[in-house]
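Fair warning: this is a prediction, and the values are worked out from it, not measured in the lab. Indexing begins at 1, ligand by ligand and atom by atom, following the structure's order. One is the number of the first residue; the rest follow in order along the sequence. Quick note: numbers below take in every heavy atom, side chains included, and nothing from hydrogens, waters or symmetry partners.
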Amino acid sequence: MTIPRRILLNPGPVTTTIAVKQALMVPDICHREREFTDLIKTVRRDLLKVVCVGEDQYTAIPFCASGTGAIEACISSVVAPHQKLGVIQNGTYAQRITAIAERYHIPVVNIVFTFDEPLVKEVIESVLMKDPDIHYVALVHHETSSGVLNPLTEIGLICRRLQRCFIVDAMSSYAGVDIDMSRDSVDFLTASANKCLQGMPGVSFVLAHRARLLAVKDFARSFYFDIYQQYSSLETTGEMPFTPPVQIMYALRCALDEYFTETSEARRQRYRRNYICLVAGLQQLGFMCVTPPALQSGLLVVVRFPVQREQDEFDFDALHDYLYRKGYTIYPKKLPIPDTFRLSCMGDLTEKDIQGFLRVLKQYMISRRRMKNHVT
Ligand SMILES: *Cc1c(COP(=O)(O)O)cnc(C)c1O
């Protein structure tokens, strides 16, 4: 059986390799079998390796959920009663963290910046120093709404110095950007299988500093998404307490193998090359990059469609449908800026794929111009 290859330029789920797709085809197996618990064991160990830490001090807790599930598990499990969560805000995904916390009646202090200015460390520091009840600080490492990469190591240092618990949503940077949980003072990190790790959607994880995790043992507000209970079951029985997405786990095992074979460095460079190729091509076609060059992650760019005249409206759906018919998937905007959309370089893509995309985009621009000229 051959599976057609699609080029996904949306930030997850991403284009996967044939091997990862084929890894889903395994004989039916019960998740309580030794073969499967052995698999979970190596997956948990290797998820930590991606962020340069080991099982002596850290632990990986997988959940059957999309990425937001891991964030919800983390936020609802770790914040002590009557303490506050500080959320560094410069995009839509940070707003989601606040929304989750508020749903659980966790007091939130938003530390707000705009997406196109660098985070001001002094501001963050002074907010934290003035309010010792903000015992937890949450940061989105890569804001997938804008393509801005936030300074993880520096914010980690502030948290370490002020002795705050540091929670990081690394969903779209994990396995695509250099992260060292220990160096960066990250206590809890959330990520998922289907972004830079190039696995299948359906499983996400909380990576936790063990000592910090033990300290939050009794704080969970949710039953299913109780990170300590999940951890405890994994440690004592080797099993996930509730039926995991078995086949997705086999695909994740395969994706991890591919990650270590490619090497973290080579993957980053491949993404980087794709990004440079993409941005250069877009600029040639007259697109403007909204993501500030000094803050960009190199994983995703927000671009503005070149609109020349008032009546020359940008029609995202028309562009999307044209590209989709040719095998390319693009993603709508999240920032409230007109005529924009997002393109990601995550996934099993090469420069050839990006060049192919740019060719089809050019064709669209030409055909569109012809049509407009015809109409007027
Ligand atoms: C993808 C993503 C999420 C999770 O989205 P899901 O659709 O739940 O997988 C969360 N935060 C960031 C920064 C993301 O990029």
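- For the pair K49 and Y259, the cation-pi test (distance below 6.0 Å, angle within 45°) is failed.
- Aromatic ring pairs are classed by plane angle as parallel below 30°, tilted from 30° to 60° and perpendicular above 60°; the pair F316 and F341 is tilted.
- Ring orientation note: the planes of F305 and F314 are close to parallel, at an angle under 30° on the 30°/60° scale.
- Proximity of the aromatic rings of Y174 and F205 is defined here by a centroid distance below 6.0 angstrom, and this criterion is met.
- Ligand 1 lies under 4.0 Å from heavy atoms of S66, G67, T68, I71, Y93, R96, V140, H142, T144, D169, M171, S172, K195.
- Grouping the Ile, Leu, Val, Met, Phe, Trp and Tyr side chains by contacts below 4.5 angstrom, directly or via other members, places Y250 with V20.
- For F260, there are no ring pair (Phe, Tyr, Trp, His ring centres under 6.0 Å) partners, not counting sequence neighbours.
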